[in-house]
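These notes are about the structure you will find just below.
Reminder, nothing fancy here: chain letters follow the sequence lines and each chain counts from 1.
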Amino acid sequence: MALGADWFAGDVHELARALIGTELLVGGVGGRIVEVEAYRQDDPASHSFRGETPRTRTMFGPPGRIYVYRSYGLHWCANLVCGPVGEASAVLLRALEPTRGLEEMQLRRGVDDPRLLCSGPGRLCQALGITGEDDGARIDRPPFVLEPRSGEVDVAVGVRIGITKAAEQPWRYGLAGSPYLSRPFSPGAR
DNA sequence: TATGAGATCAACT
DNA sequence: GTTGATCTCATAC
């Protein structure tokens, strides 16, 4: 049974941790989530920190939706909105372990190495075909499917990547030891 | 292996 | 006018 939108109504950090190992598919293409980062409204690094704007409108809406924005004027980055309505917290999808639709992703990305298909927010969106068109879409409606993980996973914790504000916060979560991370976690981090 | 430039857009100063 | 939750490609060691 796929995870519904109300599954995202809880605490963003618990959800970030719980998302590791779940399988995200877009139109039958995707893989296991191996790396995410948590952002909250009281977080200076979050887009929602300074209040609602046309771009961040989705973050302030109901949980279980997808917040997509353009990064550096070039790449798309996808988040899953968490928490109660209006809390404006979200989980940034940073890396997947490709499991389904490899050929499709290789075609979209123009590379063959599975480790390079989804290891990074921009790459992930390109591989799955996520664009600004998908902003505000529900995670539990086609073409999106989020399958719960089967069994326990070893979740690593570390500092977030590529930001300058609140950069010391350990709000990056990942599957320990996975070769599909955008960057490895420090050994022993938990 | 490492550093640097370019792409290109919304929000902020 | 500057900055940023990025990535690719080129050039240099």
Side chains of A:Arg70 and A:Trp76: closer than 4.5 Å at any heavy-atom pair?
yes
Euclidean distance, A:Arg32 CZ relative to A:Cys118 SG, rounded to 0.5 Å
13.5 Å
Of residues 35-44 of chain A, the positions that come close to DNA chain C - non-hydrogen atoms, cut-off under 4.0 Å
A:Tyr39
Side chains of A:Glu87 and A:Ser89, donor plus acceptor under 3.5 Å:
yes
Check DNA chain C against residues 84-98 of chain A and give the residues with a non-hydrogen atom under 4.0 Å, in numerical order.
A:Leu92, A:Arg94
Polar atom pairs (N or O), protein with nucleotides 2-5 of chain B, under 3.5 Å:
none

If the cut-off is 4.0 Å, is A:Arg50 near the phosphate of B:dT13, judged by side-chain N/O to OP1 or OP2?
yes
dist A:Leu124:CG -> A:Ile130:CD1 (nearest 0.5 Å) comes out at 6.0 Å
With a 3.5 Å cut-off and no angle check, do the side chains of A:Gln126 and A:Arg108 form a donor-acceptor pair?
no
So that I can tick it off, tell me whether A:Glu37 and A:Arg94 are bridged by a salt bridge, with the cut-off set at under 4.0 angstrom between side-chain N and carboxylate O.
yes
Without decimals, in angstroms, what is the distance between A:Gln169 CD and C:dA5 C1'?
14 Å
Taking atom P in both B:dA5 and C:dT2, compute the distance separating them and give it to the nearest angstrom.
15 Å
Of residues 126-138 of chain A, the positions that come close to DNA chain C - non-hydrogen atoms, cut-off under 4.0 Å:
none
Is the shortest side-chain heavy-atom distance between A:Phe60 and A:Ser48 below 4.5 Å?
yes
What closest approach, in Å, do A:Asn79 and A:Ala90 show between heavy atoms, and which atom pair accounts for it?
CB-CB, 3.9 Å
What distance, rounded to whole Å, do you find between the two C1' atoms, one in B:dA10 and one in C:dT8?
22 Å
Note: A:Arg65-A:Asp140 ion pair, threshold 4.0 Å (strictly below)
no
Is a donor from one side chain sitting under 3.5 angstrom from an acceptor on the other, for A:Arg123 and A:Ser119?
yes
Backbone N/O of A:Ser46 and side chain of A:Arg40: donor-acceptor pair under 3.5 Å:
no
Any donor-acceptor N/O pair, A:Asp134 side chain to A:Ala137 backbone, under 3.5 Å:
no
To the nearest 0.5 Å, atom OG of A:Ser150 lies from atom CD of A:Glu23 at 9.0 Å
Taking A:Glu35 first and then A:Arg172, would you say they form a salt bridge - that is, a charged N and a carboxylate O separated by under 4.0 Å?
yes
Between NE2 of A:His75 and P of B:dC9 the distance, given in whole Å, is 13 Å
Residues in residues 54-71 of chain A with a heavy atom under 4.0 Å of DNA chain B, by number, are A:Pro54, A:Arg55, A:Arg70
Toward the 5' end of DNA chain C, by each residue's nearest nucleotide, A:Pro121 or A:Lys165
A:Lys165
Rounded to the nearest angstrom, tell me the gap between atom CZ in A:Arg108 and atom P in C:dC7.
17 Å
Does A:Thr164 put a side-chain nitrogen or oxygen below 4.0 Å from OP1 or OP2 of C:dG4?
yes
Does A:Arg55 make a cation-pi contact with A:Tyr67 (under 6.0 Å, within 45 degrees of the axis)?
no
Assign A:Arg123 to base, sugar-phosphate, or nothing according to its heavy-atom contacts below 4.0 angstrom with the strands shown.
sugar-phosphate
Between P of B:dA10 and CG of A:Leu74, the distance in whole Å:
13 Å
Do the non-hydrogen side-chain atoms of A:Ile139 and A:Phe8 ever get within less than 4.5 Å of each other?
yes
If you take all heavy atoms of A:Pro98 and A:Leu102, which pair is closest and at what distance?
CB-CD1, 3.8 Å
Report the distance from atom CH2 of A:Trp76 to atom P of C:dT6, rounded to the nearest whole Å.
16 Å
Can you say whether the rings of A:Tyr69 and A:His47 are parallel (under 30°), tilted (30 to 60°) or perpendicular (over 60°)?
perpendicular
Output for pair (A:Leu24 CG, A:Leu19 CG), nearest 0.5 Å, gives 9.0 Å
Counting a pair only when it is Watson-Crick or G-U and both distances are under 3.5 Å, which runs of at least 3 such pairs involve DNA chain B?
B:1-7 with C:6-12, B:9-12 with C:1-4
Here the distance between atom C1' of C:dA5 and atom CG of A:Leu80, to the nearest Å, is 14 Å
Within this structure, what is the OH-to-C1' distance between A:Tyr72 and B:dA11, rounded to whole angstrom?
14 Å
Determine the contact category for A:Arg172: base if any of its heavy atoms lies under 4.0 Å from a base atom, sugar-phosphate if only primed atoms, P, OP1 or OP2 are that close, otherwise nothing.
nothing
